[in-house]
Amino acid sequence: MSSLQEYCVSLAIINVAWVVFLLSFCKADHAASNREAEALIKWKDSLPSQSVFDSWVFPTHTNSSSSTPPTPSPCKWYGITCDNAGSVTQIELPGRGINGTLQNFDFSFFPNLVRLDLQSNNFQGPIPANIGMVSKLKLLDLSTNSLNGTLPLSLANLTQVSELDISRNDITGILDGRLFPGDQSSTQSKTGLLSLKYLLFQDTLLGGQIPKEIGNLKFLVTLVLDRSHFNGPIPPSLGNLSHLQALRLSENQMSGEIPETLVNLRNLTDLCLFANKFSGVVPSELGKFSSFTVLQLTGNNFTGHLPPHVCRGGKLVNFTANSNNFAGPIPTSLRNCTTLYRVRLEHNQLTGYIDRDFGVYPNLTYIDLSFNRLRGELSPNWGECRSLTLLKIASNMISGQVPNQIVRLNQLVVLDLSSNQIAGEIPADIRNLSKLSFLSLKDNQLSGRVPEGIGSLSNMESLDLSMNMLTGPIPSQIADCSKLRSLCLSKNQLSGGIPYQIGNLVQSLQVLLDLSHNSISGDIPPQLGRLTSLENLNLSHNNLIGSIPDSFKYMVSLLDINLSNNLLEGPVPDIKIFQSAEPEALSNNKALCGKIKGLLPCNETKQRGRNNKKRKILIVALSSLGSALFISFALVGILVLIWKTNLSTNSHKAESIPNRENPFSPWYFNGKILYEDILKATKNFDDSYCIGVGGFGKVYRLDIPGYHDVLTVKKLNFQARDESDMENIRHFGNEVATLAEIKHRNIVKLFGFCCRGIHTFLVCEFMERGSLADILKSEEVAKELDWGKRIRVVKGVAQALCYMHHDIVPPIIHRDISSKNVLLDSELEAHVSDFGTARFLNPDSSNWTGVAGTYGYLAPELAYTMTVTEKCDVYSFGVFALEVLMGKHPGELISSLQSYAVESIFQHKDVLDPRLSSPKNQNIEDKLVLVMKLAIACLSANPQARPTMRSVSELLDD
């Protein structure tokens, strides 16, 4: 055989061997794929039937000439990705509302799995111990579920995982240091989560101390453990994490001092430690070698000076250190820190001069320096901070005048300069602050008149100019502030009469009208009786004359009244507010009488005789003056009669207003009146009355005999253990008192709060149909929510948010708009629930800082700024609106929708809920297009580009 022949034979043999090898390899791949498919089907079959798994089926046998069944391949199943060999590498099912457990998921069948993403579902039960068998895993995201139990130590076998997120679950126990072992000899098998770059365990029940071994994660970039139960100190070993950029430990129970080793973290840009029990002095070199964008130290027990280098890198956006014991000067690096967006330093003992230590901040939207010891004058530079929405410098030692440049802040919503030593006049051009809703200049040395231009502030809701030296009359234009809820002008030197126009504030003036301690004269205008929603009225210590208007009987909402120290006389109206008032409320007047405690009864006989005498005098006068004078008196009498008739007509509705006394007012339960009834009605919170479980505890249906409405009790997982906890409860009660005042048809009414014994709970309005999230999950009930009703749901939530953002002082940011927090009544009308609860249950934290909310609805900027503004609610509303249209959370569709032509959305099957037939009514279709347009606008990555909820609500109404 020739050499060439030998070569050809050899080559043929090699080719045959290679083919045989490939065939055997393919056979092995098919076998592996088959095992993976069977494992997935086994897990699917252990779960409740759910449409997300509709594609997870074995192929049917269609070839009758072959007895071999087709090989099942999961590679085309929803949420499954395979490699070229057909082996499963990714299982991604985020935000699909999947119910069930991981108990029957056999991880041993997935040797090539690289990504496992099951976030934002409804998985329950423990994390299986055999999860450590997917040794090639690089991403594990089980966040936002209801998983419980402890962290399995087998996680230490996931040596290649770079991202681990088990946030927002009910995982208990400790963070075991054995998950992060130190150096290991080359002879051992390598174990430990030592490849981690992102470790997120926020909003869990994990507790104990942070293990020092966490300092072995040399690649770690982000460590997020906030809103859990960690205690003890920050381990100094964290200073070894040279790549660390974000360290968030907020809202835990940690204590001790900030270790000096953190100064060495040159890449650290985001440090959040607020709402803990840290103490001691913050290292002075913190920030010297790094460029902070976020530094949050709020709500601890820190002392000493603020770190001077906080903005050395010139990138600081969010700096909060309020509610500590910091003293000394404002950090010098803040003066030229033009990147600042939000600053909170209130409730400390800071010194310095406000006109020297602060500069111009074009991006600053919020700054609160109240309750410190700052001196100096208000610089005109504040007028150049044109993005400011809130400026608070109350309770300091500021002097000088209010600079005229302050009126340039046309975005300003809240201005509080109270309790200082500011003199001079209120700027006449204050009318330019068109968005101002809260203005407090009380307790200063202001003089001159109240500017008439205040009447141009159409968004003003709370005005407090008390405790100054203001003179002249109260401008009648103040009644043009049609949204004014609280007006306090007490303790000035105001003169003239009470403007009768104040009575026109029928719809808005609810909280307070206080004109006491002035030199106001004349009669009390009967028009004040139109203020049927007013709760507190104080006209004491003035020179008012005449009688108390009979129209006061229409002021059915009054809870407190004080008319003392005037020159009033005559009978006191026999109405409830006077019957229950303390005698001091009417004392030191000229001659008030009536069936009121502390007053002499009116003598009807003398009164009748006095009237007869007056009648005789009138007849004599008429006889002598002639018929012309008689006609004049007659005309006056007719005009008075017409006025009284109109007053009676306009107040007819007020007379028919039912008794507004609220048996569920805040703190009322502690009076032991209804507490026992609630325990009895729920059989001591028996589970048979439980209608749901939320993030803060269980929810119960409450039927109290004799009370016509069904109520809801939210029993909180909180008990007072020490005086600090009791202080938090008192704070919470005060917040509930504020929230209970909120009245809007699209907001669930909060009635009251109780903390007694082992029970802490809220009482709320009951919503018959439950949450929108549950309705959308139900195949049948979701069909009942047709397109018209869904549009109404979107409008209702928009109106509620508009009210919270623009019609309340101070505004309320919900922070957790999602379908689970929108409840429907029997008519399927939307009611927003749980606003502010997360913040108020953590009273040391700020309502403006710290991320709270539901994953999938959070605004993207929260990933790097941790700054919560009303624009975060706007983004969440955009997600919510899409969810209503789609019947499910939009998930990754959010990004692709930006490129859709909205007018053609009905051509995209993924956009509208397939359970409803396509809209055939052009009007409905136009409204759906509008909702889609608004939703996409709300989802803008740039917060400033998002519309306000006022605009959204008005467009939906139109």
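Just so you know, these numbers use all the heavy atoms, side chains as well, and skip hydrogens, waters and symmetry mates.
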> Are any non-hydrogen side-chain atoms of Asn746 and Tyr803 less than 4.5 angstrom apart?
Replying inline: no
> From Glu765 CD over to Leu823 CG, what is the distance, rounded to the nearest 0.5 angstrom?
Replying inline: 9.5 Å
> Can you say whether the rings of Trp43 and Phe105 are parallel (under 30°), tilted (30 to 60°) or perpendicular (over 60°)?
Replying inline: perpendicular
> In Å, rounded to the nearest 0.5 Å, how long is the span from NZ of Lys483 to OG of Ser458?
Replying inline: 6.5 Å
> Under the criterion salt bridge (Lys or Arg N to Asp or Glu O under 4.0 Å), which of Asp203, Asp270, Asp226 is the partner of Arg248?
Replying inline: Asp270
>> Show, in sequence, the C-alpha distance, side-chain angles and deciding distance for Asn145 and Asn169, and conclude whether the side chain to side chain donor-acceptor pair (under 3.5 Å) test is met.
In response: CA-CA 5 Å; Asn145 281 286; Asn169 278 290; 4.8 Å; no
> Closest heavy-atom contact between Pro947 and Val952?
Replying inline: CG-CG2, 3.8 Å
>> Ignoring hydrogens, what is the shortest heavy-atom contact between Asn121 and Ile98? Give both atom names and the distance.
In response: OD1-N, 2.9 Å
> Do Ser228 and Thr204 have a side chain donor and acceptor closer than 3.5 Å?
Replying inline: yes
> Is there a side-chain contact between Ser953 and Asp957 (heavy atoms, below 4.5 Å)?
Replying inline: yes
> For Tyr700, what residues pass the ring pair (Phe, Tyr, Trp, His ring centres under 6.0 Å) criterion, not counting sequence neighbours?
Replying inline: Phe685
>> Whether the side chain of His889 engages the backbone of Gly856 through a donor-acceptor N/O pair (distance < 3.5 Å, no angle test) should be reported.
In response: yes
> Rounded to the nearest 0.5 Å, what separation is found between the SG atom of Cys802 and the CG atom of Asp873?
Replying inline: 12.0 Å
>> Minimum heavy-atom separation for Leu47 and Gly100, please, with both atom names.
In response: CD2-CA, 3.7 Å
> Would you say Arg915's side chain and Gly887's backbone share a donor-acceptor pair under 3.5 angstrom?
Replying inline: yes
>> Leu118 vs Leu102, test: side-chain contact (heavy atoms from CB on, under 4.5 Å). Steps then yes/no.
In response: CA-CA 10 Å; Leu118 301 178; Leu102 301 177; 3.7 Å; yes
> Got a sec: does the CD of Gln507 have more than 12 other heavy atoms crowding it under 6.0 Å?
Replying inline: no
>> So, using ring pair (Phe, Tyr, Trp, His ring centres under 6.0 Å) as the criterion, who are the partners of Trp56 when residues are at least two apart?
In response: Phe53, Trp77
>> I need the Ser819 OG to Glu883 CD distance, nearest 0.5 Å.
In response: 3.5 Å
> Out of curiosity, Ile817 CD1 to Leu858 CG, how far, rounded to the nearest 0.5 Å?
Replying inline: 12.0 Å
> So which heavy atom on Phe880 is nearest to which on Val794, and how close?
Replying inline: CE2-CA, 4.5 Å
>> Does any part of the side chain of Glu251, heavy atoms only, come nearer than 4.5 Å to the side chain of Gln202, both counted from C-beta?
In response: no
> Between atom CD of Glu92 and atom CD of Gln119, what is the distance when rounded to the nearest 0.5 Å?
Replying inline: 9.5 Å
> Okay, side chain of Asn459, backbone of Ser434: is any donor-acceptor separation there less than 3.5 Å?
Replying inline: yes
> Do Tyr78 and Leu93 touch side chain to side chain, with heavy atoms closer than 4.5 Å?
Replying inline: yes
>> Under a 4.0 Å threshold between the charged nitrogen and the carboxylate oxygen, would Glu829 count as salt-bridged to Arg745?
In response: yes
>> Quick check against the 3.5 Å criterion: does Asn821 have a side-chain atom that pairs as donor or acceptor with the backbone of Asp816?
In response: yes
> Step by step, would you call Ser143 with Asp141 a side chain to side chain donor-acceptor pair (under 3.5 Å)?
Replying inline: CA-CA 6 Å; Ser143 63; Asp141 192 342; 2.7 Å; yes
> Thr365 side chain to Tyr341 main-chain N or O, any donor-acceptor pair under 3.5 Å?
Replying inline: yes
>> I'd like to know if the side chain of Arg168 pairs up with that of Thr144 as donor and acceptor (distance under 3.5 Å, no hydrogens or angles considered).
In response: yes
> Are any side-chain N or O atoms of Gln944 and backbone N or O atoms of Asn942, one a donor and one an acceptor, separated by less than 3.5 Å?
Replying inline: no
> Is there a side-chain contact between Met460 and Leu436, using heavy atoms and a 4.5 Å cut-off?
Replying inline: yes
> Within 45° of the six-membered ring axis of Tyr875 and under 6.0 Å from that ring's centre, is NZ or CZ of Arg946 located there?
Replying inline: no
>> If I compare all heavy atoms of Asp170 with all of Leu205, which pair ends up nearest, and what's the gap?
In response: O-CD1, 3.8 Å
>> If we check salt bridge (Lys or Arg N to Asp or Glu O under 4.0 Å) with Asp913, which of these qualifies: Lys783, Arg790, Lys888?
In response: Arg790
> Can any side-chain N or O of Ser508 pair as donor or acceptor with the backbone N or O of Ser482 at less than 3.5 Å?
Replying inline: yes
>> Test side-chain contact (heavy atoms from CB on, under 4.5 Å) on Leu955 and Lys933; report intermediate values, then the result.
In response: CA-CA 11 Å; Leu955 286 170; Lys933 285 182 176 179; over 6 Å; no
> When you look at Leu412 and Lys435, which way does the side-chain contact (heavy atoms from CB on, under 4.5 Å) test go after all the steps?
Replying inline: CA-CA 6 Å; Leu412 202 62; Lys435 293 187 177 181; over 6 Å; no
> Is a salt bridge present between Arg792 and Glu827, judged by a nitrogen-to-oxygen distance below 4.0 Å?
Replying inline: no
>> Keeping Gln50 on the side-chain end and Asn99 on the backbone end, is there a donor-acceptor pair under 3.5 Å?
In response: yes
>> What I'd like to find out is whether the side chain of Lys927 reaches to under 4.5 Å of the side chain of Lys795, using heavy atoms alone.
In response: no
>> Strictly distance-based, threshold 3.5 Å: is any side-chain N or O of Trp787 a donor or acceptor partner for the main-chain N or O of Ser917?
In response: yes
>> If we ignore hydrogens and angles and just use 3.5 Å, is the side chain of His814 paired with the main-chain N or O of Ser833 as donor and acceptor?
In response: yes
> So do the side chains of Leu785 and Leu824 get within less than 4.5 Å of each other, counting heavy atoms only?
Replying inline: yes
> Do the side chains of Val884 and Val797 get nearer than 4.5 Å, heavy atoms only?
Replying inline: no
>> The test is side-chain contact (heavy atoms from CB on, under 4.5 Å); show your working for Phe438 and Val413 and say whether it passes.
In response: CA-CA 6 Å; Phe438 180 97; Val413 176; over 6 Å; no
